[in-house]
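Only heavy atoms go into these numbers, but all of them, side chains included; no hydrogens, no water, no symmetry mates. This is a predicted model, so every value here is computed, not measured.
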Amino acid sequence: MKYYKKEYLAKDILSGIVVALVSIPISMGYAQIAGLPMVYGLYGSVLPVMVYALITSSPQFVFGVDATPAALVGSTLATLEIVSGSEEAIAIVPVITLVTACWLLLLFAIKAGKLVNYISQPVMGGFISGIGCTILLMQVPKFFGGNAGTGELFVLLYHIWQELPSFNLLSAALGVGTVVILQIARKTVPKVPVSVILMAVGAGIEAFFHLDRYGVKLLPEAPAGLPRIVVPDITLLIPNAEEIIVLSLTIALVIMAQTLLATSNYALKYNYKINNNREVLAYAAGNVASALVGCCPVNGSVSRSGIADQYGCKSQIMSVTAGVTMILVLLFGTGLLKYLPVPVLTGIIFSALLGILKFDIAKKAWKADKQEFAIFMAAFLGVLILGTIYGVVIGVILSFIAVIVRAVIPPKAFLGVIPGHEGLHNLSRNRSACPIEHTIIYRFSGNLFFANIGAFQEDIGKALKEDTRQVIVDARGIGNIDITAAERLVILKRNLNARGVYFYLTEHVDAVNDQLRAFGAGSLIEEGSVRRTVSLALRAAGVNKPYPLEGIDKAEKYSYVEANERLAEFEWAFGEGAGEKMEALAAEVAEKIVHSGDYSMENIVRTEKTTSWGRVGLFDEDELLNWLELYLSDLEEKGYADIEEIEQRIEQRRHIIEEKMKNLSPEALELLRCHRKEIEERLKEKKPEYYEHYLKLRKKFEGEDV
């Protein structure tokens, strides 16, 4: 309410009145589905709604008696062989509601609101659609003058068959006509509360034409007055404790998941934030209030929230208004309800239930991913045929199986270059893409662990040819590895090296390097088999731009461009130990150059390639040359060699690096110069004696044509 504006008030009040009027037939019908007299639906639309409004962090979502919890309760009463509408049902339903509230309080205490992120849309969509279809089948006999059924698909179909002898044509016409009008109105006049109008029309027709004389059933007369506050008799839990506790947990999870998902959608739509844990507390408090008035578990209502949104609702003043409106109905309007024909109410409920079906999810899944479609159908048919709990269990199990399958078999591809285009492309999806000669580039887009490392090795093994010289893994999709994968990568590298084939792991996040070291596979990093980019791996393998492509004339060569190939690779690979590793590498190169006696630039580059790490990238080579100068100076002082010629070649190489970086982009050259300043500062701080010599070298070559 902090940013509430007075111009919102009129819309909030109007939307609250409309929501209350629409809730009258819907909540009464759902109360009956839950095994309660219809008036309890009105009771559940007062105190629970207001309590929720005071706690929720959502400014516009509607809470109240809703389909899914009502159906779950109704089906459980049938399982327990409790007659719908009986005194026993009136006593046991609020106990179920109270236990549901306790489960929601527990979910609040353990901050379980985040769990909703792990319920897939196909599972939730199949579950809700299964519940919706079950309730629809329950209601079918009421269209033509019969009694509502209970149970699962085949029992309900048999019940409809048994009720056919009581078929009343006028009842069927009223019920079907109501559904048709509401479905047309939903598309043509969505802001008009047509269900309220149809209630009034139905009551008016009954008052003038006495439809009951022609066999049309009417609602029973509801008592006027507000509900009494009564604490549920918890001792009723004892005879059926296991069934009620399991059912209540299912209802609590459904309330949390369904309402949080829908509330989050509105938050995204209107760019505000909700507090998931506070929402769960609001659901718990609302259900405690519902239990105290004797009603069934209450839930967020997607359909009524949509109506409130259509009328411009901006705050929970809407819910308070709806509660006050329902109080007025209970005090002064219940006498009118006895004129409402049951088929009209059934048609309103039927139309509302059609709105909760999620077959659009199944349609999208069928087009995009047959696994997702199978999960939807399993949850849907599980609920419809076996019951709600079995449907949820089946859907969740299949979801976990799907997650495992996706992890074990992630998207994979072998990559090549399309002449004239940037980047690497899937060879199987792009006819114009060509492999780089003697090179396998393999993209693996999933975490690498014990269950898929075998397939990883097998794919590479099958792709090897007689002339393969390097295997490069584009591992940008690998964010995690386990100890089995780390060990097998070392084995794979060793086996490939034995065949004269280089192996490189590239593009992955730096955390993977930490895992490799932790799992004993640090040799991959130390020996230069871990590279930041594919182009750096190609460079280390001696494949320089422009790259020769298979199937392309030798005279025609092509490159692909990576924006990040100018980045410092050593810092990415070795983390905090990058500086020490660079010094050690420079020392290794300096020793080899001096002992070879060949001070040419070609030998400097060749020596760099033969180190334990292999050839470094442009950024790191620039830093390596700095350290190399310093180490060579040390060697000269020890009488090993006259290094003036080597210094000249190193300086020439620095200029070549600058030109290459300049050709990449002006930004790359600027980054290189900034990187040099960082190196100077680090040298000044940690190696002051080297820093002085470094300055002398820079001054020596400043302005000199090398």
Side-chain angles (χ1 to χ4, degrees), residues 30 33-35 44 48 52 61-77 79 93 96-108 110 112-135 152 243-265 276 279-288 290-291 295-305 352-353 355-358 361 375-376 378-380 382-384 386-397 399:
Y30 290 155
I33 289 169
Y52 169 81
F61 209 72
V62 178
F63 205 65
V65 184
D66 200 51
T68 308
L72 285 167
V73 172
S75 62
T76 301
L77 292 185
T79 302
V93 169
I96 295 172
T97 306
L98 186 61
V99 177
T100 300
C102 292
W103 278 118
L104 286 166
L105 284 172
L106 178 61
L107 293 171
F108 162 74
I110 64 175
K114 292 181 180 179
L115 290 176
V116 71
N117 298 326
Y118 301 99
I119 301 175
S120 69
Q121 283 281 15
V123 171
M124 182 57 68
F127 175 71
I128 293 172
S129 299
I131 289 286
C133 286
T134 300
I135 304 171
E152 280 72 55
E243 291 88 345
I244 291 175
I245 289 172
V246 172
L247 165 77
S248 300
L249 174 59
T250 303
I251 295 173
L253 291 172
V254 168
I255 290 172
M256 182 181 74
Q258 188 177 339
T259 311
L260 272 181
L261 285 171
T263 307
S264 298
N265 285 338
N276 280 5
E279 288 302 299
V280 177
L281 178 62
Y283 309 156
N287 275 279
V288 169
S290 185
C295 194
C296 59
V298 283
N299 187 26
S301 172
V302 176
S303 59
R304 279 166 279 177
S305 297
L353 286 168
I356 75 167
L357 302 181
K358 304 294 182 182
I361 295 175
I375 290 169
F376 178 98
F380 171 70
V383 171
L384 198 61
L386 302 175
T388 52
I389 296 176
Y390 290 107
V392 172
V393 170
I394 291 170
V396 169
I397 289 173
S399 289

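Contact check for Phe108 versus Leu104: no side-chain heavy atoms found under the 4.5 Å cut-off. The shortest distance between side-chain heavy atoms of Leu72 and Ile96 does not fall below 4.5 Å. Taking 4.5 Å as the limit, every side-chain heavy atom of Cys296 sits out of range of all side-chain heavy atoms of Tyr30. Side-chain contact check for Thr97 versus Cys295: every heavy-atom pair is 4.5 Å or farther apart.
Heavy-atom minimum distance, Ala101 versus Asn287: CB-CB, 3.8 Å. A pairwise comparison of heavy atoms in Ala282 and Tyr52 identifies CB-CD1, 3.7 Å as the closest pair. Here the closest heavy-atom approach between residue Pro69 and residue Pro297 is recorded as CB-O, 3.6 Å. Shortest non-hydrogen contact noted between Leu77 and Ala34 is CD1-O, 3.3 Å. Gly286 and Val298 make their closest contact through O-CG2, 3.7 Å (heavy atoms, listed as atom of the first residue, atom of the second, distance).
With no hydrogens or angles considered, a side-chain donor-acceptor pair links Asn299 and Thr259 at under 3.5 Å.
Note that OG1 of Thr100 is 11.0 Å distant from CG of Leu105, once rounded to the nearest 0.5 Å. To the nearest 0.5 Å, the span separating CZ on Phe376 from NZ on Lys358 amounts to 10.0 Å. Annotation: the span from Thr134 atom OG1 to Ile33 atom CD1 amounts to 11.0 Å, rounded to 0.5 Å. Distance CG/Asn276 to CG/Leu107: 12.5 Å, rounded to 0.5 Å.
Partners of Tyr283 by ring-ring contact (aromatic ring centres under 6.0 Å, His included), not counting sequence neighbours, listed by chain and number: Phe63. Residues forming a side-chain contact (heavy atoms from CB on, under 4.5 Å) with Ser301 (at least two apart in sequence, or on another chain): Asp66, Ser303, Arg304.
Side chain of Trp103 to backbone of Thr250: no donor-acceptor contact under 3.5 angstrom is found. Ser305 places a side-chain N or O within 3.5 Å of a backbone atom of Val62 that can act as its donor or acceptor partner.
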